[in-house]
Amino acid sequence: MSFAPPKGVPDYVPPRSGRLLAVRDAMVAPLRLAGYGYLELPAFEETALFSRGVGETTDVVSKEMFTFTDRGERSLTLRPEGTVGAVRAVLAAGLERGALPVKLWYAGPMFRYEQPQSGRQRQFTQVGAEAMGTDDPALDAELVALADQAYRALGLTSLVLHLATLGDPEDRAGYSERLRQWLTPRVGGLDAETDRRIEKNPLRVLDDKRPEVRTATAGAPLLTDGIGTAAKAHHDAVRQHLTDLGVPFVDDPRLVRGLDYYRRTTFEFVHPLLGAQSTVGAGGRYDGLSQVIGGPPLPGVGWALGVDRTLLALEAEAVVAATPPSTAVFFVPLGATAKARAVALVGELRRGGTSADLAYGDRGMKGAMKAADRSGATHAVVLGDRDLEAGVAQVKDLRDGSQTAVTLDTLVDHLEAQR
RNA sequence: GUGGGUGUAGCUCAGCUGGUAGAGCACCGGGUUGUGAUCCCGGUUGUCGCGGGUUCGAGCCCCGUCACUCACCCCA
């Protein structure tokens, strides 16, 4: 029997798990300040929702989905991303007929059957945010700024925001054809996968990291030239809003997204210290998605931030998260009578909002004090028979080693006042 | 799916040209019959990833296999 979790499905245990939680909370905090409501979504959906919404030809759908059949012969899939499910949930609840834009956030695990490597697991956690119902470029900028705010609050300083526009579908169609013709004599016949990409989605060839492909595509035509006026105006507005918001970005006309639903705005937050999987957050506009899954026209823009990857980025930058110790007061009872008293006092402190713990397992004085030290508590409370007879407890300040006797009647008040 | 690297104590690792396994940290106890973090002393923990082969003898060599890891691919 091995206790290892399934491949690519990591455990997070203290103290690292606490930092992961802190990252998630930091990502959510700006959203709460910006009017985003909470969305609780299913971890799996009907397979067809993803294959249609994300796109049949994408790698995510064609080879990375965890798909299973339930007892009712329905084909279900663990969600590989959150946006499609969020749009479905909005339509299911009819939120698009209420006040617009609908602004929502969600958080939780996503699943993709991939070969694990640094920064890429089969189960990973994202915080997502979506704003649907208007195509206002100020919303694109708002979302980007909120992500930027979260990363800054966490203390990340090396992130680079890449920004691009994919134009509207008609722009893309014309560009794809031009690119296809440009690519075919240069990288055509290299391998079957590249040929397939040239045919289905030539933009993706630009994302290839192999050096020979990189150099071969260095001078490829860019989409920027063929953008329609409406999409161009939208993009200019987004750039201007970001500048007004004080969010730095770099224009990256070669930015490519792997999911089919993106159009117009796309962006990525990239961390230079992370190795191959360096995108810690990304998103874009998806104005046609609702109709693709059978809904009414419903423009939308959103992002997903990788919680685990962001933790890796923090570790790469050696940012030490200020995680306050979970325990303020630690009891060191000596003997059964003192222990019973300590158990009751700890409960009283906790009910009053003071974090408290005690030495379990009937350890000796030395061991119990050691446990007090490790808990991070600022104060230890030594309670023995001698003290109980005198009606006092010894309160020791673990930071400077000073110790005073405090009468039991006033102990809780005294400890609460120490905080 | 394809390549490279690595598997030895809870963790990080050492282990020479093959001779039967070690260190640091951690943990537990003692020095201090009621005081942590420092110091000193002592102690526990191993199917050397797994299976086979070569050999008098394998942690070390050979074959297979599994896992982890990094990279390609892809992406948060």
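Letters A, B, ... mirror the listed sequences (proteins, then strands); counts begin at 1.
- The side chain to side chain donor-acceptor pair (under 3.5 Å) test applied to A/R363 returns no partner, not counting sequence neighbours.
- Sorted by first and then second residue, the pairs that involve residues 46-67 of chain A and meet ring-ring contact (aromatic ring centres under 6.0 Å, His included), not counting sequence neighbours, are A/F66-A/Y113.
- Within residues 45-63 of chain A, the residues that have a heavy atom under 4.0 Å from RNA chain B are, in order of number, A/D59.
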Sequence neighbours left out, cut at 3.5 Å: what donor-acceptor pairs do the side chains of residues 24-36 of chain A make with other protein atoms?
{"from": "A/Y36", "atom 1": "OH", "to": "A/E142", "atom 2": "OE2", "distance (Å)": "2.6"}

Which letters describe nucleotides 26-42 of chain B, given B = protein heavy atom under 4.0 Å from base, S = only from sugar-phosphate, - = neither? -SS--B--BBBS-----
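- Listed by first then second residue, pairs satisfying ring-ring contact (aromatic ring centres under 6.0 Å, His included) with a partner in residues 384-419 of chain A number zero, not counting sequence neighbours.
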Distances for protein N/O vs nucleotides 43-45 of chain B N/O pairs under 3.5 angstrom?
none

Starting at the 5' end of RNA chain B, write a dot or bracket for each base, bracketing those in Watson-Crick or G-U wobble pairs whose two distances are under 3.5 Å and using | for partners on another strand. (((((((..((((.....[..)))).(((((.......))))).....(((((..]....))))))))))))....
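- Separating the NZ atom of A/K7 from the C1' atom of B/G1 is a distance of 12 Å, rounded to the nearest angstrom.
- Side-chain atoms of A/L398 and A/M369, non-hydrogen and from C-beta on, do get closer than 4.5 Å to each other.
- Nucleotides B/G19 and B/C61, compared at atom C1', are 15 Å apart to the nearest Å.
- RNA chain B is contacted by A/Q115, A/Q117, A/S118, A/G119, A/R120, A/Q121 of residues 115-122 of chain A, taking any non-hydrogen atom closer than 4.0 Å.
- Contact check for A/D385 versus A/L334: no side-chain heavy atoms found under the 4.5 Å cut-off.
- For the ring-ring contact (aromatic ring centres under 6.0 Å, His included) condition, the pairs that include at least one residue of residues 145-192 of chain A, sequence neighbours left out, are A/Y151-A/F269.
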Pairs: protein N or O with nucleotides 6-10 of chain B N or O, under 3.5 Å:
none

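- For the segment residues 275-287 of chain A, residues with any heavy atom less than 4.0 angstrom from an atom of RNA chain B are, sorted by number, A/G275, A/A276, A/Q277, A/T279, A/V280, A/G281, A/A282.
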